[in-house]
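Taking it in order: structure first as structure tokens, then the write-up.
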Amino acid sequence: MPKVTRRTLLKASAGAACGFGLGWTGNFVRSALAVPEPKIVKTAKIQATLTNAGPTRDVLTYGDADMPPVLRMTKGETFAARLINGIDEPTTIHWHGVRVPNKMDGVPFLVQPYIYTGDHFDYVFAPPDAGTFWYHPHCNTLVQMGHGLTGVIVVENPGDPQFDAEVVLNLRDWRLGGDGQFIEQYRPRDAAKSGTFGTVRTTNWLQQPQYDAPSGGLVRLRAAITDVTRIYSFRVQGADASVIAIDGNPVPQQFGLDLLQLGPGQRLDLAIRMPDQEEAVVSLEDIRGTKAAVLATLRSVGPSLRRDMRDLAPLEPNPVGQVDVGSAQHVRLALSATAENVSADSICGSLGYSFWAINKMPWSGDTPDPTAPLAELKLGKSYIIDMENLTPRIHPIHLHGMSFTVLSSSKRQVKPQISDTYLIQADEKVQLGFVADNLGDWLLHCHIIEHQKTGMTSYFRVV
Ligand code: C2O
Ligand code: CU
């Protein structure tokens with residue numbers, strides 16, 4: 001048997017005929033690649049201080065800290081985590097944006113069993129892409145995420161440019177009453193519109209936290225929108241900032257932050273050049289809506305490092321397959337509202353309504369009665385999703401397992417951004433191209449979780 005090194009494996013996985021879905025966890029690979037000691041990721045119910053009203057009960061987290069830990073991985077290196085379920089309902093983990101083998105994708109019924117209270121599941125994969133990603137359950141998702149189970153993933157690339165500091169921000173809201181306790185997670189009339197918004201906004205489970213960064217230094221800010229509903233428009237006040245990556249992938253071309261709108265599930269990487277003088281405050285704001293909201297601030301400390309934004313080498317592109325537009329087959333995908341009806345109950349949670357549909361089929365996902373796949377795709381072939389939003393709402397549409405490239409839009413000039421989530425505007429038509437290089441069943445759904453759970457979910461099958 002030839003010796004398999006990581007290098008040859010990486011090469012093999014880059015070839016379209018052999019998606020990394022094929023091998024990474026097969027026996028052959030297991031024996032060749034030492035699997036590291038799994039990181040223990042245990043779900044827990046805790047009390048946490050999120051408001052001035054005193055501790056909030058029934059908060060869910062991973063581990064024992066007051067926020068799910070930032071999980072660090074290295075591009076191309078095997079990562080292992082043992083999910084132990086310490087809460088009183090089934091759960092799973094989905095590694096949002098990380099291109100994992102299908103069995104590791106965390107979607108109950110479709111690809112893995114859900115994990116009962118007290119049971120565990122071992123996740124093992126090697127993230128092929130560097131960048132900012134995140135993790136969350138895919139079972140009773142609205143409640144479990146709403147109560148806290150959303151964490152950030154940083155996949156490092158040893159070849160990344162040198163920053164003087166890194167700040168990771170987990171952006172999300174909570175549905176709490178004046179007494180600091182959870183109120184109903186959603187309202188059906190809002191689920192049928194833009195979704196139900198939280199009442200308390202946090203960054204890293206804190207209100208407007210401040211972090212120190214060296215004066216005159218270059219900061220890599222990684223922000224993940226892990227909220228179930230809210231769409232953000234960012235602004236940085238008090239320093240120069242440029243967008244370096246979106247959804248884990250380097251931007252093809254710099255552009256103004258003010259033009260950017262990002263939805264639930266999306267990530268933003270910024271390079272920020274701190275002011276030279278000490279004690280200067282830089283703020284990251286959300287300017288969507290009527291009043292700008294400060295999300296977090298950075299304070300400059302120490303003598304100026306006098307760095308220059310132009311010192312930064314560009315980020316290395318991720319090894320995402322290039323769509324062959326000429327030969328690509330088109331798959332039509334229409335997002336619509338549906339006549340109200342009751343959706344099937346499921347152990348992984350049902351909101352009890354259908355409001356939305358993909359190609360006229362409402363499906364809430366995470367149920368034992370999957371509909372037929374949207375399309376059966378051939379491993380290694382190029383596809384273009386012709387997606388059309390027939391609704392008056394904005395939808396962050398997320399594809400599991402494969403990254404797509406935004407090719408064109410009826411609404412605006414697009415750059416060929418690689419991503420896993422596209423925020424489609426009302427009446428927009430967009431083309432998303434991708435290579436079907438990962439075997440298995442891959443969910444596609446709106447990441448406004450109420451939309452997902454009331455019908456805006458479907459999946460592709462790659463064979
Ligand atoms: Cu982050 Cu299926 O989702
Ligand atoms: Cu939606």
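All ligand and atom numbering here is 1-based and tracks the order in the structure.
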query: Is the Tyr383 ring parallel, tilted or perpendicular to the Phe434 ring (thresholds 30°, 60°)?
result: tilted
query: Should the pair Phe125 and Phe79 be assigned to parallel (<30°), tilted (30 to 60°) or perpendicular (>60°) ring geometry?
result: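 Rings of Phe125 and Phe79: tilted, as their planes differ by 30° to 60°.
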Look up atom [atom1] in [X] and atom [atom2] in [Y], then write down how far apart they are to the nearest 0.5 Å.
X: Leu221; Y: Leu270; atom1: CG; atom2: CG; value: 5.5 Å
X: Ile183; Y: Gln181; atom1: CD1; atom2: CD; value: 11.5 Å
X: Asp122; Y: Leu83; atom1: CG; atom2: CG; value: 9.5 Å

query: Listing residue and atom name, which protein N/O/S atoms are closer to the Cu ion (ligand 2) than 2.8 Å?
result: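 Protein N/O/S atoms under 2.8 Å of the Cu ion (ligand 2): His395 ND1, Cys446 SG, His451 ND1.
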- prompt: Among all residues two or more places apart in sequence or in another chain, which pass the side chain to side chain contact (heavy atoms under 4.5 Å, CB included) test with Ala375?
  reply: Val331, Leu377, Phe460
message: I'd like to know whether the aromatic ring centres of His147 and Trp174 sit less than 6.0 Å apart in this structure.
response: no
query: Could Glu428 and Lys411 be called an ion pair, given the rule that one side-chain N must be under 4.0 Å from one carboxylate O?
result: no
- request: Hey, could you give me each pair passing salt bridge (charged side-chain N to carboxylate O under 4.0 Å, His left out) that has a residue in residues 56-73? Not counting sequence neighbours.
  value: Lys45-Asp58, Arg72-Glu156, Arg72-Glu166
- prompt: Using a distance threshold of 2.8 Å, what protein N/O/S atoms lie below it relative to atom 2 (Cu) of ligand 1?
  reply: His138 NE2, His400 NE2, His445 NE2
